[in-house]
Peer 1: 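First, the structure itself, so that you have it in front of you.
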Amino acid sequence: VTLGQELEMIENYFRLLYYRYEQRIRLEIDVPKNFYHYQVLKLMIQPIVENAVIHGLKPKQGKGTVKISVSVKDNILHIDVIDDGVGMSTQRLQEVIANMNRDQQEDNIGLNNVKNRIELTYGFAFGIEINSKENRGTLMSLRIPVKEGIQA
Amino acid sequence: VITVILADDEPIIVRGLKKIINWKKLNIQIVGTAFNGLEALQLVREKDPDILISDINMPEMTGIDLLRALKNEKSRTQVIFISGFHEFEYAHAALKYGAKDYLLKPINEKQLEQAIMDSVNRENQFILREEHQVTSILKINELIAHEFPMDLKGFFSIVNCQIKQNSPEILNKGEKNILHFSSINLIKDFLSNLENHWIIEENNNIFLLLYHKEKDSLIHLQNFLFDKIVNIIKDNLNEIILISAGKIVDTIKSINKSYETSLEVMNLRYYYGTKAVLRYVKRVENRYTIEDLFTEQSKIIDSLQKSDREIKYKVDCYLKVLKDISFGKKEVTLSYCLGTLLSIKKIFDDQKFFSPTLLFNEKEILKELNELESFEKLCTWMNDFINKIFEDIRKLQDEKIHRDIHKIKSYIADHYNENIKLQDLSNLIYLHPNYLSGYFKKQTGQNFKDYLTEIRMIEAEKLLLYSDLKVYEIAEHVGFTDYRHFSSVFKKKFDINPGEYKKRI
């Protein structure tokens with residue numbers, strides 16, 4: 001699919017969540033329109049956003065924001081999903097990264113799945129990087145090669 | 001790759017420089033070497049390197065002339081000078097002409113590495129700042145074009161907010177992004193219930209555009225917002241947010257002025273102060289000149305020499321001039337401070353005054369000065385340091401005085417029976433006879449002549465009591481040539497003639 005299609009799908013999905021969480025969550029998309037035709041994997045960004053809402057914003061009191069921003073550098077597409085939710089302790093972050101890198105596991109299926117698909121499709125040079133700070137938020141960065149979309 | 005040209009008239013130094021630094025590790029390529037100023041200039045023109053490392057004193061063209069020529073040509077090459085100690089003043093001046101750094105010989109690898117990395121980083125910072133300034137002012141003008149009626153009457157101000165990390169922990173790029181993102185969301189949430197403000201985001205900067213019909217109300221609004229924002233960031237993230245308010249302007253057309261001044265306050269926090277919230281204040285520029293600074297410096301040295309208690313006032317005057325003439329250029333501020341300390345050191349070294357405080361290493365002291373986070377702190381540091389020198393010198397002077405007086409008194413004790421001349425005492429403590437009695441009186445509270453007489457009378461009394469000497473013999477013994485004179489002096493002191501005194505026993 002194209003980046004534009006994936007983002008549209010996420011917006012629709014987020015609208016559902018918005019009402020489920022009593023309008024206390026917000027989605028920001030900071031992506032230049034001229035990136036919308038780049039190819040991405042289907043359901044590549046959506047599980048990451050879902051993760052941010054469920055693990056980051058849901059346990060947080062008050063308002064929360066998820067922001068998707070995309071940049072291109074050296075022919076690599078950088079997709080950042082950042083939230084200002086509860087974040088993770090250093091220990092928890094290590095566990096999540098370890099789980100993501102394991103072949104088979106139950107927890108964080110979405111994350112593991114996305115990472116494996118990126119590696120299978122584009123090679124081991126690409127993947128997911130996670131940064132997190134307790135009580136501040138989490139940043140998930142996806143890196144894939146830039147590929148032009150086929151369809152208009 | 002960073003490109004470097006080396007220039008020194010001594011080939012051995014060029015070769016040394018090539019060897020002492022692990023250029024490869026630093027990702028630096030030496031693209032040329034020159035052996036005089038003219039050669040260096042031509043080479044820079046030809047190769048356009050990032051950095052020129054040059055001796056300050058070369059044949060054909062001095063370092064400063066070279067620097068001036070490069071500046072005139074708007075060369076982007078940054079210059080680091082190498083200078084001998086005696087050329088220090090000269091290197092100092094080079095900073096004024098825009099040299100990035102100078103290093104004193106002999107060159108130490110670490111220092112050179114540091115200087116190179118500093119100038120490379122400074123260059124990057126410069127580029128970053130330029131880019132970000134362009135885009136945020138564009139964003140502000142775009143916002144105004146879309147959301148502001150151009151005839152809106154009232155007062156406007158731009159406020160720049162930046163997170164300053166409070167914790168000592170080093171954050172990576174991702175963690176910094178998280179911090180910035182969560183702080184801007186906190187500010188947005190807080191502001192969402194309020195009116196008369198607009199937010200402009202820019203990388204790690206947040207700009208607020210504030211508006212109110214009345215100027216006083218705008219200031220009021222600012223104070224309220226600043227206070228809240230500082231507390232929100234402190235409570236939720238345990239970090240510090242720096243807030244710099246630009247000039248308040250009375251028409252939206254002048255908003256750029258407010259924007260520029262907000263950045264000025266933010267970038268020149270070193271001079272504006274360390275408080276979290278700072279406002280732009282108009283500065284009266286350059287009332288003083290470099291000559292004034294040297295005048296103030298001599299006054300400090302003068303006060304130190306005279307042990308003048310006014311020293312703090314003198315230092316404060318000096319710092320006031322320093323701030324005025326070097327405002328906004330920390331490197332210049334610091335090199336003047338160092339220059340002043342070195343001048344003091346030199347003068348007291350020449351006078352053989354030993355002050356432990358003055359046994360400093362100039363590179364270390366410069367490093368220490370550089371780490372002070374504001375001009376205010378620098379002032380405190382300078383005051384403390386000069387006060388320490390002051391105490392050192394006062395103590396030494398006290399000791400010297402003590403020794404001088406002791407010498408005079410022991411001389412008198414040994415020679416009271418002779419005709420003591422001022423010149424004899426002068427030779428003892430190397431003080432001109434004309435000043436000697438004044439000096440003695442100032443330190444002991446007693447006239448030198450009176451002191452001598454007192455010693456003689458004490459001795460005379462002893463001799464009257466414990467010897468069989470005749471009164472005229474005693475007079476001679478204690479240094480009187482005239483018996484009657486002795487007698488009258490004795491009477492003045494004991495209210496009795498020496499002859500009668502002896503009879504009474």
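In what follows, chains carry the letters A, B, and so on, assigned in the order in which the sequence lines appear, proteins first and then strands, with residues in each chain numbered from 1.
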Peer 1: Heavy-atom count around A:Glu50 CD within 6.0 Å, excluding the residue itself: above 12?
Peer 2: yes
Peer 1: Evaluate whether atom CD of A:Gln23 has more than 12 neighbouring non-hydrogen atoms of other residues, nucleotides or ligands under 6.0 angstrom away.
Peer 2: yes
Peer 1: Pull out the residues in residues 181-197 of chain B that come under 4.5 Å of chain A, heavy atom to heavy atom, sorted by number.
Peer 2: B:Phe181, B:Ser182, B:Asn185, B:Lys188, B:Asp189, B:Ser192
Peer 1: For side-chain contact (heavy atoms from CB on, under 4.5 Å), just list the numbers for B:His180 and A:Arg136, CA-CA rounded to whole Å, side-chain angles, deciding distance to a tenth of an Å, and then say yes or no.
Peer 2: CA-CA 9 Å; B:His180 180 73; A:Arg136 287 188 182 174; over 6 Å; no
Peer 1: With salt bridge (Lys or Arg N to Asp or Glu O under 4.0 Å) as the rule and sequence neighbours excluded, what pairs involving residues 3-24 of chain A come up?
Peer 2: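 Sorted pair list comes back empty.
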Peer 1: Between A:Ile82, A:Asp83, A:Leu139, which residue shows the highest count of heavy-atom pairs closer than 4.5 Å to chain B?
Peer 2: A:Ile82
Peer 1: Is there a side-chain contact (heavy atoms from CB on, under 4.5 Å) between B:Leu179 and A:Lys133? Walk through the geometry before answering.
Peer 2: CA-CA 8 Å; B:Leu179 173 61; A:Lys133 276 274 145 191; over 6 Å; no
Peer 1: Looking only at non-hydrogen atoms, find the nearest pair between B:Ile178 and A:Asn131 and report the distance.
Peer 2: CD1-O, 3.3 Å
Peer 1: Quick check on A:Thr138 against chain B: is it the side chain, the backbone, both or neither that has a heavy atom closer than 4.5 Å?
Peer 2: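 Answer is backbone: N, CA, C or O of A:Thr138 sit under 4.5 Å from chain B.
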Peer 1: Does atom NZ of A:Lys60 have more than 12 heavy-atom neighbours from other groups under 6.0 Å away?
Peer 2: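 For A:Lys60, atom NZ is crowded (more than 12 foreign heavy atoms under 6.0 Å).
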Peer 1: Is chain B contacted by the side chain of A:Glu28, its backbone, both, or neither, given a heavy-atom distance below 4.5 Å?
Peer 2: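 For A:Glu28, the side chain is the part near chain B, not the backbone.
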